[in-house]
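Just below is one structure, and these are the notes that go with it.
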Amino acid sequence: MKRTHTCGQLRETDIDTEVRLCGWVRSYRDHGGVVFIDLRDREGLTQVVFDLPAESDDAAAEMYKLARALRNEWVIAAGGRVRHRGADRINPKLPTGRIEVLGASLTLLNRSDTVPFEPDEFGNVAEETRLKYRYIDLRRPALAQALVLRHKVCKTMRDVLDAKGFLEIETPFLTKSTPEGARDFLVPSRMQQGEFYALPQSPQLFKQILMIGGLDKYFQIVRCFRDEDLRADRQPEFTQLDVEMAFVCEDDIIDMTTDVLRAVCALADRPFPDEVRRISYAEAMDAYGTDRPDMRYEMLLHDVGEIVADCEFKVFSGAVASGGLVKALAAPGGGAFTRKVIDGYTDFAIEYGAKGLAWCKLADGAFTGTPAKFLSQPVQAKLREVCGASDGDIIFFVADTPAKTNRVLGALRNKLGADMNLYDDRAFAWCWVTDWPLVEWNEDQQRWDSLHHPFTSPRPEDVEKLDSDPGSATARAYDIVCNGVELGGGSIRIHNSGVQQKMFSLLGISAEDAQDRFGFLLDALRFGAPPHGGIALGLDRIVMMLCGAASLREVIAFPKTQRGTCPLTDAPAAVDDKQLAELNLKIIAPPTS
RNA sequence: GGGGCCGUAGCUCAAUUGGUUAGAGCACCGGACUGUCGAUCCGGAGGUUGCGGGUUCGACUCCCGUCGGCCUCGCCA
């Protein structure tokens, strides 16, 4: 039964070799006197030919009969000699297209029912069907190749880090709920009834403990769990490359990460810059309106508050007067946008929370649009200059609270960039976002929230600001961003118990609460914790980007639907009463379905 | 929790203003064919139009509800 080659392997140099291939019938072409079988495995496709046998040869006749009976997705082993196809029979679409195997033996290993869909590159099968029959979908070359790439990415990450002296160390999946950040997945404990483990949102605290334990230079390719609503780029379980080092500062982590990413991009044949640009959080927000700027194109945001502060257009001047932010974005050539297109952008802005979207078209040296008549000539001139706009362009304005203005106009910039084809789809624009604020004020909860997480260190010179002016304290945090997608983030951690306690108290976590939830960390920090820091990279997103996929589901073997279900296994599902009884649990409100 | 799109044969889709027998391609079954390569040709079978209710002489089509999928805002690093 053993195969000698894969279906993607044979070339002209293999001509006259006796081979044996195993795989799935992707298609069959029965010409009566000759039968072609396209045999597929995860490596590729090879054509096997069966010629009409001599009448006297019963064994060959039997084999030929079987060859004619083969159907799609049946599993076979076929042996024979490799031969050239002949100059006029070459299939340039296949890497193996210059050769074929002349079938001399054929074993039917298994039949297949008629498949619900053909696992080929044509067609467009409903996602749910693909997930339900994932074993068929996985035969699709694109999906198989994404998983091959994923494997190679993981291997490269391990090789690079191993060469740098890192240790891969596993951390628990059954751990403690720390209700910071995302919602936890909970696991009831049988032995400690009424108590729950939580699946880790990340191994954050364990890797810090490893540093304190002296196992500096740790990494792990690890599953993380977050019970939040799904998106195309968000699954409830996802994989991180998690790294932590002791005795380091920001540049050490950034350099290490850059080396990893450079190797990963090289393996996928993707460009990676010699030097990754760095941009501060403040600059990113100012010019791009987001903390994950898409640098594939310019078209920057401009703060025009000062220019319009005293203008007659109350939407602008009113926003400035009440401490808001007025920003503008000039779209080159946007003067040609129809009313319908502009209305579309207005709806888009409203989706993101804007009250509306003001715009002015520039033509013949003048502004048109709602705000135009309230903007004096000098104001119009300044807007032109600041936005770098000229006749034929359109300027969009958003006037709101600083956070909302940035959110809306930043999102609009992304949409315009895509709609107007402002960048090459194959471009990769990397940047590090640095100098993050340590905390931000949460208006709803009336408290400070950490931007990164509560274990991120402030800059040493900013520690005292935790008391005086927390909002102005800068964190030793950094995010790696590519094409407007956050691919990872990390920080230098707090390694001083007192500072950590101060941080908790700033975040409104009482001393008792802190001790209850993070006591083990606070204890550990008192027993010789070295300075340390690290980063976590989103593996799924990196692979998704490298293969240009539109969804995480294209790079995960067994992903969940948007409602967190698995059509293959039908998870999640009800459990036996016996199982519940062992856990001393009772379902009090049965699902209303 | 909100907004949007979608659900018709195994798969991908079509079906006029609400109109009489719901069509096509692929897959499947039977047949033909000695160089195809998403083979071709001839024939066949295949449907509770997601589900439940309603309006109507008549519903794939309109209305209400419900289930499911995808995108997205909120949420989430």
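All heavy atoms count here, side chains included; hydrogens, waters and symmetry mates do not. Reminder, nothing fancy here: chain letters follow the sequence lines and each chain counts from 1.
- Residue contacts for A:Arg85: at a heavy-atom cut-off of 4.0 Å it reaches a base atom on one of the strands shown.
- We find that the ring of A:Phe36 and the base of B:rA39 do not stack by the test of centres under 5.5 angstrom and planes tilted less than 30°.
- More than 12 heavy-atom neighbours from other residues, nucleotides or ligands sit within 6.0 angstrom of CZ on A:Phe348.
- Ring centroid separation for the pair A:Tyr28 and A:Phe36 does not come in under the 6.0 Å cut-off.
- With hydrogens and angles left out, the side chain of A:Asp113 and the base of B:rG10 share no donor-acceptor pair within 3.5 Å.
- Within 4.0 Å of A:Asn124, counting heavy atoms only, lie sugar-phosphate atoms of the nucleic acid but no base atom.
- Taking the six-membered ring for Trp and the full ring otherwise, A:Trp74 and A:Trp24 have centroids separated by 6.0 Å or more.
- Neither OP1 nor OP2 of B:rA27 sits under 4.0 Å from any side-chain N or O of A:Thr114.
- Put simply, the side chain of A:Arg553 and the base of B:rC70 share no donor and acceptor less than 3.5 Å apart.
- Across every strand in view, B:rC26 sits in a pair with B:rG10 that passes the Watson-Crick or G-U test at under 3.5 angstrom.
- Here, B:rA32 and B:rC13 have their P atoms 35 Å apart, quoted to the whole Å.
- One can find a donor-acceptor pair under 3.5 Å joining the base of B:rG35 and the side-chain atoms of A:Arg83.
- Side-chain to base pairing of A:Glu100 with B:rG35: one donor and one acceptor N or O lie within less than 3.5 Å of each other.
- Contact annotation: A:Arg29 reaches the phosphate of B:rA39 (side-chain N/O to OP1 or OP2, under 4.0 Å).
- The residues A:Arg139 and A:Asp41 are annotated as not salt-bridged, no charged nitrogen and carboxylate oxygen being separated by less than 4.0 angstrom.
- Under 4.0 angstrom from either OP1 or OP2 of B:rC37 there lies no side-chain N or O belonging to A:Arg89.
- For the OP1/OP2 pair of B:rC75 and a distance below 4.0 Å, the side-chain nitrogens and oxygens of A:Arg234 include no atom meeting the criterion.
- Base-pair partner of B:rA39: not found among the strands shown (Watson-Crick or G-U wobble, both distances under 3.5 Å).
- Contacts of A:Arg407 with the nucleic acid, taken as non-hydrogen atoms under 4.0 Å apart, involve only primed sugar atoms and P, OP1 or OP2.
- Residue A:Arg231 has a polar side-chain atom (N or O) positioned under 4.0 Å from OP1 or OP2 of B:rC73.
- Residue A:Ser27 has a polar side-chain atom (N or O) positioned under 4.0 Å from OP1 or OP2 of B:rA39.
- For B:rU36, the OP1/OP2 oxygens have no side-chain nitrogen or oxygen of A:Gln47 closer than 4.0 Å.
- For A:Lys132 and B:rG69, the shortest distance from a side-chain N or O to OP1 or OP2 is not below 4.0 Å.
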